[in-house]
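Shown next, in structure tokens, is the structure this report addresses.
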Amino acid sequence: MSEQSTSRLQELDALRGIAAVIVMLFHYTVQYQELFGQPNAPIHFPMGRFGVQLFFVISGFVIFLTLTRSSSLWDFVANRLSRLYPPYWASIALTFFVMSMIPLPGLNVTGSEALINLTMIQYWLQTPAVDGVYWTLAVELSFYCFVSGLHLVGLLKQVEKWVFVWLTLIFLVRWADLHGVHISPMIRTAAMLEHGHFFFAGVLFYLMKTEGFTLTRWLLLLACIVAAWFVRDVSHALALGVASLLFLAFITGRLRWIVVAPLVFLGDISYPLYLLHQNIGYAIISRMEKAGLTSEAWLIVPVIVALLLAIGVNRLVEKPARETLRRLWKGSALRRQLVAGRV
């Protein structure tokens with residue numbers, strides 16, 4: 001399925017916009033203070049940390065939808081690459097430049113480390129990320145590999161069985177943790193042991209929307225919420241519970257009220273906004289503090305800068321690069337050979 005047709009789910013665009021904004025507010029009002037000990041933020045928004053989990057549920061729904069409606073696995077991979085990498089590369093360049101001009105303790109990387117970040121697999125190469133938010137990309141890529149693997153071996157239609165297997169694994173690993181048997185963070189990330197239940201919830205909502213409600217799906221969704229509590233804490237379970245209510249409203253046609261132009265617009269730029277806001281915002285806040293600006297400017301200035309940068313990357317890089325790369329892919333000899341199974 002094309003990105004264009006996927007984007008017609010405007011409720012999800014609005015939810016993306018909400019998720020991006022609340023994550024940004026969390027970083028500017030809570031995490032900046034935790035990192036640098038500055039008490040000047042005019043508000044505190046700790047619940048914004050759960051915007052990431054909302055992103056994961058949305059990804060579970062949209063990625064599974066996209067894969068099931070793609071003409072081939074190779075088209076899915078090409079579409080994902082054209083969607084993810086160009087704005088990501090632009091965001092790396094912008095963030096690295098700003099952080100070179102306004103260095104902050106513990107947040108700067110070297111030029112060689114920035115180049116490794118271009119691969120998007122810096123986590124597995126044990127290289128520091130150009131921006132702290134990039135940790136979620138490793139989790140996203142793990143989910144892409146999971147569903148792509150199911151598609152490759154012809155088991156995508158049996159995804160509910162594999163969600164059950166994965167949830168069982170999550171519970172077993174957590175039980176092992178409680179008994180002193182620990183698994184490395186890299187294995188946890190690759191196997192989605194910390195966040196897989198959020199993606200699986202999104203997959204289940206896609207199945208509910210397209211194939212109907214079944215007892216099995218309800219029980220698996222409940223297991224996902226319990227897993228969020230078992231693996232993390234009650235607040236994560238509540239976050240998934242709230243996300244589930246939103247998605248139930250969405251798949252039953254009761255979330256149209258959320259489709260308003262500002263939120264849909266924020267959803268449209270949510271990917272570069274997410275990639276760009278954190279470290280650049282911290283650098284701006286740091287400079288404002290040194291200049292003695294009032295706390296009222298704390299949020300206004302970095303938010304405006306982040307929005308403008310995100311709009312620029314979206315309009316100048318993300319959309320034109322995606323369209324160009326997909327057009328080139330569709331007409332390429334490599335695509336014809338891959339789809340025909342000759343490569």
Check your understanding: Taking only residues two or more places apart in sequence, or in another chain, which ones meet V77 in a side-chain contact (heavy atoms from CB on, under 4.5 Å)?
Key -> L73, L81
Practice item. Applying side-chain contact (heavy atoms from CB on, under 4.5 Å), name anything that partners S184, two or more places apart in sequence or on another chain. Key: M186, I187
With a cut-off of 3.5 Å and sequence neighbours excluded, list every side-chain donor-acceptor pair involving residues 191-207.
unit_1 : atom_1 : unit_2 : atom_2 : d
E194   : OE2    : R188   : NH1    : 3.1
Y206   : OH     : T68    : OG1    : 3.2

**Study point:** All side-chain hydrogen bond (donor to acceptor under 3.5 Å, both in side chains) counterparts of W329, not counting sequence neighbours
**Key:** D75
Check your understanding: What residues join L215 in its hydrophobic cluster, counting side-chain heavy atom gaps under 4.5 Å, either direct or through other members?
Key -> L219
Compile the donor-acceptor pairs under 3.5 Å between side chains in residues 125-133 and protein atoms, sequence neighbours left out, one pair per line.
unit_1 : atom_1 : unit_2 : atom_2 : d
T127   : OG1    : L125   : O      : 3.3
D131   : OD1    : V133   : N      : 3.1
D131   : OD2    : N279   : N      : 3.0

Check your understanding: Do S59 and E140 get their side chains close enough for a donor-acceptor pair, meaning under 3.5 Å?
Key -> yes
Check your understanding: Taking only residues two or more places apart in sequence or in another chain, which ones pass side-chain contact (heavy atoms from CB on, under 4.5 Å) with V234?
Key -> W229, L238
Practice item. Using the test side-chain hydrogen bond (donor to acceptor under 3.5 Å, both in side chains), find all partners of Q122 that sit at least two apart in sequence or belong to another chain. Key: Y88
Practice item. Tell me, please, which residues at least two apart from R254 pass salt bridge (charged side-chain N to carboxylate O under 4.0 Å, His left out). Key: none
Review point. Looking at residues at least two apart in the chain, or sitting in another chain, which of them share a salt bridge (charged side-chain N to carboxylate O under 4.0 Å, His left out) with E323?
Key: none
Check your understanding: Counting only heavy atoms not in W175, do more than 12 fall under 6.0 Å of its CH2?
Key -> no
Point to revise | Donor + acceptor pair across side chains of T110, S112 (<3.5 Å) | key: yes
Between side-chain atoms of residues 304-319 and protein atoms elsewhere (two or more places apart, or another chain), which donor-acceptor pairs fall under 3.5 Å?
unit_1 : atom_1 : unit_2 : atom_2 : d
N314   : ND2    : D268   : O      : 3.2
N314   : ND2    : E318   : OE1    : 2.8
R315   : NH1    : D268   : OD2    : 3.4
E318   : OE2    : R83    : NH1    : 2.7
K319   : NZ     : D268   : OD2    : 2.9

Point to revise | Contact list for residues 209-228, test ring-ring contact (aromatic ring centres under 6.0 Å, His included), sequence neighbours left out | key: F213-W218
